[in-house]
Number of protein chains: 4
Amino acid sequence: MVPSIAAASHAEPRKRPSQARSIAAVAAMVEAAARIIETRGWAALTTNHVAERAGFSIGSLYQYFPSKEALLAELLRRERAQLLREVRQATETAASLAPAIEQCIAAGLRHQFGRPALALALEYVPASLAMHQEDTVLRQALDRQLAAVLARHGVAGSATLAADLVALCRGMIDAAALRGETDAAALLPRLLRAVRAVLQPVPGPQ
Amino acid sequence: MVPSIAAASHAEPRKRPSQARSIAAVAAMVEAAARIIETRGWAALTTNHVAERAGFSIGSLYQYFPSKEALLAELLRRERAQLLREVRQATETAASLAPAIEQCIAAGLRHQFGRPALALALEYVPASLAMHQEDTVLRQALDRQLAAVLARHGVAGSATLAADLVALCRGMIDAAALRGETDAAALLPRLLRAVRAVLQPVPGPQ
Amino acid sequence: MVPSIAAASHAEPRKRPSQARSIAAVAAMVEAAARIIETRGWAALTTNHVAERAGFSIGSLYQYFPSKEALLAELLRRERAQLLREVRQATETAASLAPAIEQCIAAGLRHQFGRPALALALEYVPASLAMHQEDTVLRQALDRQLAAVLARHGVAGSATLAADLVALCRGMIDAAALRGETDAAALLPRLLRAVRAVLQPVPGPQ
Amino acid sequence: MVPSIAAASHAEPRKRPSQARSIAAVAAMVEAAARIIETRGWAALTTNHVAERAGFSIGSLYQYFPSKEALLAELLRRERAQLLREVRQATETAASLAPAIEQCIAAGLRHQFGRPALALALEYVPASLAMHQEDTVLRQALDRQLAAVLARHGVAGSATLAADLVALCRGMIDAAALRGETDAAALLPRLLRAVRAVLQPVPGPQ
DNA sequence: TATGAATGAGACTTCATTCAT
DNA sequence: AATGAATGAAGTCTCATTCAT
């Protein structure tokens, strides 16, 4: 009856926390989850463990989240929201395409290398219907964000191109992180080069 | 949420199967696991289920694999070995760099779109120490393979560049698969363009 | 996710037990459940407790029953089947209506006073969809059984009448048990009298 | 399966409500409980749910009732008191035995078919020591009520007979309700006939 | 060697009840 | 008096793994 990830309609936190205490509690639990994933991996992420690390009882956790999955979804949102915000800001403030791109990539790197273990783990969220939807939504938001910048600056075919560029960067960043690279500064020029190259008009044959 | 994988001491099959029957048994179990992952996801991959689908008893499964993790490792090896083999062949038979690259990418696409659900799922293997090591080894093998081609054809800085190229392709392919793209032919030119662009000598700032 | 009685499709035991050991295991668990209900009430009927009393691990219990509810359904069936069997035999062997009725009532009394606490408790099965259906089916079977006898012996309006007679007896027997009466012999004549009276042709006014 | 009711020391409301507000609060909570049982069954009857439906905080509920069980006991009393009152009135105003009986039965039918789901559910109160005592007391009160009428009208052996008559009616009414019968008018003559038949002097064997 | 019944730690979740505010 | 956040014991159920046959 319980387990296996029920296709849940409850990937939302249980209370729109209105009071300061509630907000703090939710934040504490999400952060506890983040730290466990970071330090001990998905396998150690049990609801009891999260509650304990957050300094609450298990009952309290379930007062704020209807399920383990909802907690995870919230964590995913929290992390991705941060990235999305930075990307949005970059695309809105940059004067032209080049710096916009550059700042987006920088944001991506900050996101990945700020808490590398966490960021990497969140790319591999245990699949489940609800989580997958959440994930899809957030990925699309990022793709759209970039597509908009490209379009605004007159780049053609932007939707697919944007998705490819995001995917390409993500692939390179994740692989670097997976190999244990910790130097974002060393990665940045490689990313920039790749992205610029792909954005270059295709040289005609010959 | 995720059936935790008890950390097993070795991720090797229990016996170098000497008899034809053993080889067939191992293959049947690995394939059963693959089919379950493909059709019903990680959550449904229980050892009992695998044994049943393979037409064996659970006891027999544990005669061939010391742990669930070892079974997974074998599956991962099987899949990646196939890709490695094709890539090696491509790099060895191709006359020059361009067709070598092209055939590598084609191999990657075949691998991903041959059994898309499986390939995608295997990028999200529930992390664990042993699996992670296995995964690392196989990724490095691929990276080295490509680095060798690049070096042979006089491309400088080949190690990092190779890793980046592999990562870039993997990122784009996975993202496409995740979005539900099923048309490898449509993806190929985008990959080729990206790889070629990155391989192009950097235009001087002039 | 777990609790509250999920409207289960699984009120059937998990294995049609084919081997002697399985049959014994199922029987042991059902009987353990019966004894717990008898001695300590519904509240003490936990799956862990049942398994322990049956001398099995909790895992084994779930190998034979897909849910707590299925175990209960099996117990209900076991008990009611016994009653149904006796009633069927009574109705088939009795030469005329009077002894048929008499033997049915005697069967009812045996059933109730054989294991009074259990019989009483089973009249108050915690409602749930699956259990309720099971219960309904078994009640109807009993009603139909009696209706058939009545019809065979030329009593008109038998369906409703039979249901009423069964209900009337059940009410009297349960109430007696609830009051702590333990003397079936004292109850039998009262039941007989009531049933005969109701079966008597209605005396015309005047 | 059944939310176990912690054995509470007393099943009395916490205060003889002296103020109008208290009386209203108690009534609101009891009615909320009734409605939940009616509409969503025993499984949904949680104290938090009751408090919410009644428009109070869970803390307030525990100011008026020492335990969930006390709340249930109060509900049981409320429902049975209503029935008892009607029965008492019937027995006190009726001129002779026949109409007294008739009105008692009518009261029983009103009680059952007025709020059928509730009345039926209350016959299946999750057993517990305190509730069982409460239930016993109320059943006895009803039995005594009827025994008194019988005695007053010169029917011999009234105590047991009364108990049997009550039980018989209860059995028939509950079974009808359980089968989904909703027509009290159709049930009344069957009940009357049964009761009258049982009250008839036993015909000599002749 | 093969079988599959048995194990049991441990996961998720609920809900009656308390108590600081 | 009222609130509702917090508690935590306890319940159901799963699944990797073992071992007697």
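Note that these values count all heavy atoms, side chains included, but never hydrogens, waters or copies made by symmetry. Throughout, protein chains are lettered first and strands after them, A, B, ... in sequence-line order, and every chain is numbered starting at 1.
- Counting to the nearest Å, the P atom of E/dC15 and the CD1 atom of D/I36 are 12 Å from each other.
- Nucleotide F/dT18 holds its P atom 7 Å from the OH atom of B/Y62, rounded to whole Å.
- Minimum heavy-atom separation, A/M131 to A/V125: CE-CG1, 3.5 Å.
- Closest approach of C/L45 to C/V50, counting heavy atoms only: CD1-CG2, 3.7 Å.
- When the nucleotides F/dC13, F/dA2, E/dC12 are ranked by their closest atom to the side chain of C/S67, F/dC13 comes out on top.
- Closest contact between the side chain of B/S57 and the listed nucleotides F/dT7, F/dT12, E/dG4 involves E/dG4.
- Set against E/dA6, F/dA6, E/dT18, the side chain of A/S60 has F/dA6 as its closest nucleotide.
- The shortest distance between side-chain heavy atoms of C/T47 and C/L71 does not fall below 4.5 Å.
- Of the residues near DNA chain E, A/N48 and C/A25, the one whose nearest nucleotide (by heavy atom distance) lies more toward the 5' end is C/A25.
- Between B/Y124 and B/W42, the closest heavy-atom pair is O-NE1, 3.4 Å.
- A salt bridge does not link C/E31 with C/R53: every distance from a Lys NZ or Arg NE/NH1/NH2 to an Asp or Glu carboxylate oxygen is 4.0 Å or more.
- Residue whose closest nucleotide on DNA chain E sits further toward the 5' end, between C/G55 and B/R21: B/R21.
- If you measure from atom CD of C/E69 to atom C1' of F/dT12, you get 12 Å, rounded to the nearest angstrom.
- Salt-bridge formation is not detected for the pair C/E134/C/R80: no Lys NZ or Arg NE/NH1/NH2 atom is positioned less than 4.0 Å from an Asp or Glu carboxylate oxygen.
- As a whole-Å value, the separation of A/L61 CG from E/dC15 C1' is 15 Å.
- Between B/T47 and C/T47, the one whose closest nucleotide on DNA chain F sits nearer the 5' end is C/T47.
- Using a 4.0 Å cut-off between a side-chain N of Lys or Arg and a carboxylate O of Asp or Glu, D/E74 and D/R77 qualify as a salt bridge.
- Atom CD of D/Q63 and atom P of E/dT18 are 12 Å apart (whole Å).
- Rounded to 10°, the angle separating the first-five-pair axis and the last-five-pair axis of the helix from E/dA2-F/dT21 to E/dT21-F/dA2 equals 10°.
- Mapped onto DNA chain F by nearest heavy atom, B/T46 and D/I58 fall at different nucleotides, with D/I58 at the one closer to the 5' end.
- Taking atom CZ of residue D/F65 and atom P of nucleotide E/dC15, one finds them 20 Å apart after rounding to whole Å.
- Taking atom OH of residue B/Y64 and atom P of nucleotide F/dT18, one finds them 18 Å apart after rounding to whole Å.
- A straight line from NE2 of C/H49 to C1' of F/dT12 spans 16 Å, rounded to a whole angstrom.
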